Amino acid sequence: MSELLQNLNDVQRQAVLHRNGPVVVFAGAGSGKTRIITTRIAYLIETGVLPWEILAVTFTNKAAGEMRERALHMAPETKRTMITTFHSASARWLREFAGELGYEPNYSIYDDQDVTRALKHIVKQLMPKGEIPTIVADMKHFLHHVKTAGVFVSEIEAYAQQYPAQVPTGGVQIYRAYQEFLAQSNAMDFNDLLLNVLLLLRKNERVKSILGARYQYIMVDEFQDTNRTQFEIIQHLAERHQNLMVVGDDDQSIYSWRGATPSNIIDFDRTYPGATRIALEENYRCTGNIVAAASKLVSYNKKRAAKTLFTNAPAGELIEVHLEVDGEMEAHWIAEEIYAARNTYDFEDVAIFYRTNAQSRSLEEALLRRRIPYTLYGSLEFYERLEIKDILAYLRLFANPSDDVSFLRIYNVPTRGLGDKALETLQVFATSRGLSLWKAAEVSVTDPALKGSPKLRYLVDLLKAMRTEILESPINEAVKTVLEATEYPAYLKKKYPDQYADKMDNIQELAAGIIEYEAKNEGASLADWIETVSLVREDAKGQVTKGVSMMTLHMAKGLEFPRVFIAGVEDGLLPHKNSVEDMAAVEEERRLLYVGITRAKSKISLTCAKRRRNFNNEMAHPPSRFFQEIPAELMALSFKAQEALQPEKTPVMVSYEYDEGLEGTIEEGSQVFHPTYGKGTVHGFDVHLGSRKAVVNFRDFGYRKIRPSQLQLRGYALD
DNA sequence: GGTAAAAAAGTTTTT
DNA sequence: CTTTTTTACC
Ligand SMILES: Nc1ncnc2c1ncn2[C@@H]1O[C@H](COP(=O)(O)OP(=O)(O)OP(=O)(O)O)[C@@H](O)[C@H]1O
């Protein structure tokens, strides 16, 4: 028997040995689902399948990375197997085939911020008046919604007729204009990556036959989180060979807001009648107490498929519950615990999970104070810094000259005397000729009849020279070239004198990231690096776990750590306040906690804070309602937690002490409160620069004109 | 058209 | 409270 098969139980072995035909593995947390996939990849290779004939996809970069590492460990040949996320796989197929849809292979991938910029631009052109910010936000939400649901732009008209309530005014028009803008910019957003692959597989016989033949064996992990589009892509890819293995757990479905459809796995045999079904029941990861607590908790969900999960492991320690007065103290306590137990648990063995990224800050500070090393995962901060975005915009523009969003960003950065007026002229010109902005700028300064401005000519010449140089030199010099040619450092120094050094450090880090990438991927082009950066947004430095791992509960899925802390287990955070109204949403929050708890191999602590600073004001959160659902005998409560968790003191429906002020309309005579100016009285209204403003006499600041949306109503003056 | 000061917005979760 | 956007003035 192959050595690979020896680390498996009988059921797992059956799954790994399963050769042809569809199969679904449905099992609870820590039962070895990922182990099945990684072992099966290695085993298939060992028994003659070529590494590149296997495709393994999952959902998050973190989980894909973990899977890649485990597989590599078993069979080095898996280096040539595509083990990745849906989005990265799609991006790669589109580099090959996007030409069939009218894109250039060097298309840009637009992230959330780019999408917002593009939408702003479009909304401004289509609806010159009105509250642009709210429209942009609404439209973004709408586009995200329909595109996640798999509604193509060609289908939006019909969709709007069928579900008028789902489509805001102007939605159809905006969707069309948006796709046109992206096509013009040779760009795709994250949803387009999937939709375009699906479109090719549906409509293009050539692509379908090439991709359909390419992968003999396809495996999908975390299948409960796939959406309709992803499942359909997989169906097309597997149609010819029918060797599809999907693996998942409906109790770990935590991406419903991204269109995840757990019925994909629950009703798998409806799509593939006769598919083999394999259930795993033994948890190999956690202690008895952890399995018992998590199982009981998730059993409170009404919507779930029945399953058994047991462990032969000893009961181990109790679930530790700790209550603190505020977020800072909570973080402090966690840091002290980690430090005190450093001989039992190496820092690398410890993870801290939380519901929202914003919570990481106080935790970081506490760890820093104790000098505990840590790695923060999933923080997008680095790529959102303005200096990084600026440099990236230049590089992206050189990889894809049609990229208008990038052009708009660097057009006057560093400042070179090109303002809104000149931009407007350029935009009108570009639209009338159907050209990208850069191309339009080029034409307008070369065509003598158009007498483009000298400033614009300077920009065009600069960009052209830079592009030539960058495309001809090794990619690790690209950042240097941009800095030198644009004199960006001088601009930074002038504009941000005190942050200059920090910002330059960040840029250096970006440059170091390119060098490292180039070393790892021989012959990689600038476009390859940009794609990686757009899709796998981890920090530029090499991602070797150093110290304590910190991440959101979402990101923790699929991982495991000996020692786990979950911070902020409070009503309002977990379940999150935006979810408490809706039963289904609360069930998802419960699953989130289930996922978090089952990441722990030996010990877990759940902490909450009585009060937590939001931005302006503090809010009080009672301990999470989920504590009532974990058997009391499995929990070790600290003294303070004991008091707070008395059942009668934790009402099922919790009311919050949000400082939201009174309900009602602000009118003349209203007593109002403003975050900066404090208390004041409304003395009338005025239409100022297109928006309605309240004229307020503030007690300490006198008269100001303020948008009513910024004011909180505090009562009425007595006549 | 550039800049500083004032006002508004932002924190659910990810590709 | 911090960061981004808008406005007022040069
Ligand atoms: N047959 C086995 N014998 C011993 N250990 C096992 C066995 N199968 C899996 N394990 C171990 O159990 C742990 C959980 O396995 P794995 O990550 O594959 O589970 P999973 O089902 O994918 O979990 P989850 O759904 O919670 O992410 C891992 O540490 C793995 O090495």
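Throughout, protein chains are lettered first and strands after them, A, B, ... in sequence-line order, and every chain is numbered starting at 1. Here the structure is a predicted model, which is why all the values come from computation and not from measurement.
- Put simply, the side chain of Thr261(A) gets close to the backbone of Gly259(A): a donor and an acceptor are under 3.5 Å apart.
- Salt-bridge check for Glu587(A) with Lys303(A): failed, with every basic side-chain N at 4.0 Å or more from each acidic carboxylate O.
- Distance from the side chain of Lys120(A) is smallest for dT5(C) among the nucleotides dT15(B), dT5(C), dT13(B).
- The ring-ring contact (aromatic ring centres under 6.0 Å, His included) search around Tyr103(A) returns none, not counting sequence neighbours.
- Applying the ring-ring contact (aromatic ring centres under 6.0 Å, His included) test to Phe86(A) and every residue at least two apart in sequence or in another chain returns nothing.
- If you measure from atom CD of Glu365(A) to atom P of dC1(C), you get 14 Å, rounded to the nearest angstrom.
- Separation of the C1' atoms belonging to dT3(C) and dT14(B) is 22 Å when rounded to the nearest angstrom.
- Distance noted for atom C1' between dT13(B) and dT2(C): 22 Å (whole Å).
- Under the Watson-Crick and G-U wobble criteria, each requiring two contacts below 3.5 Å, nucleotide dT7(C) is paired to dA4(B).
- Look at CD on Glu531(A): it is 13 Å from C1' on dT15(B), rounded to the nearest Å.
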Measure all distances between protein nitrogen or oxygen atoms and nitrogen or oxygen atoms of nucleotides 2-4 of chain B, and list the pairs falling under 3.5 Å.
{"from": "dG2(B)", "atom 1": "OP1", "to": "Asn412(A)", "atom 2": "ND2", "distance (Å)": "3.4"}
{"from": "dG2(B)", "atom 1": "OP1", "to": "Gly417(A)", "atom 2": "N", "distance (Å)": "3.1"}
{"from": "dG2(B)", "atom 1": "OP1", "to": "Leu418(A)", "atom 2": "N", "distance (Å)": "3.4"}
{"from": "dT3(B)", "atom 1": "OP1", "to": "Lys494(A)", "atom 2": "NZ", "distance (Å)": "3.2"}

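- Taking atom CD1 on Ile254(A) and atom C1' on dT12(B), their separation rounds to 12 Å, with Å as the unit.
- A salt bridge links Asp192(A) with Lys147(A): the closest approach of a Lys/Arg side-chain nitrogen to an acidic carboxylate oxygen falls below 4.0 angstrom.
- Nearest nucleotide to the Asp112(A) side chain, out of dT11(B), dT13(B), dT15(B): dT15(B).
- An OP1 or OP2 oxygen of dT13(B) is reached within less than 4.0 angstrom by a side-chain nitrogen or oxygen of Asn357(A).
- Mapping Met555(A) and Ala358(A) onto DNA chain B by nearest heavy atom places Ala358(A) closer to the 5' end of the strand.
- If you take CZ of Arg361(A) and C1' of dT2(C), they are 7 Å apart, rounded to a whole angstrom.
- dT12(B) has no base stacking with the ring of Trp257(A) when judged by centroids under 5.5 angstrom apart and an interplanar angle below 30°.
- Note: CZ (Arg117(A)) to P (dT4(C)) measures 10 Å, nearest angstrom.
- dT11(B) is unpaired under the Watson-Crick or G-U wobble criterion, no partner having all donor-acceptor distances under 3.5 Å.
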| Chi angles and distances behind the salt bridge (Lys or Arg N to Asp or Glu O under 4.0 Å) call for Arg625(A), Asp571(A) | CA-CA 6 Å; Arg625(A) 63 187 71 180; Asp571(A) 250 64; 2.8 Å; yes
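- Listed candidates were dT15(B), dT14(B), dT11(B). Nearest to the side chain of His554(A) is dT14(B).
- dT12(B) atom C1' lies 14 Å from atom NZ of Lys140(A), rounded to whole Å.
- For Asn61(A), no side-chain nitrogen or oxygen approaches OP1 or OP2 of dT14(B) to under 4.0 Å.
- Rounded to whole Å, atom P of dT15(B) lies 9 Å from atom NE2 of His87(A).
- Sequence order on DNA chain B of the closest nucleotides to Ser534(A) and Arg355(A) puts Arg355(A) first from the 5' end.
- OP1 or OP2 of dT14(B) has at least one side-chain nitrogen or oxygen of Thr552(A) nearer than 4.0 Å.
- A donor-acceptor pair shorter than 3.5 Å can be found between the side chains of Gln359(A) and Thr356(A).
- Phe86(A) comes within 4.0 angstrom of nothing in the nucleic acid, heavy atoms only.
- Atom CG of Leu459(A) is separated from atom P of dG1(B) by 14 Å (rounded to the nearest Å).
- Taking the charged nitrogens against the carboxylate oxygens, Lys503(A) and Asp390(A) have no contact shorter than 4.0 Å, which rules out a salt bridge.
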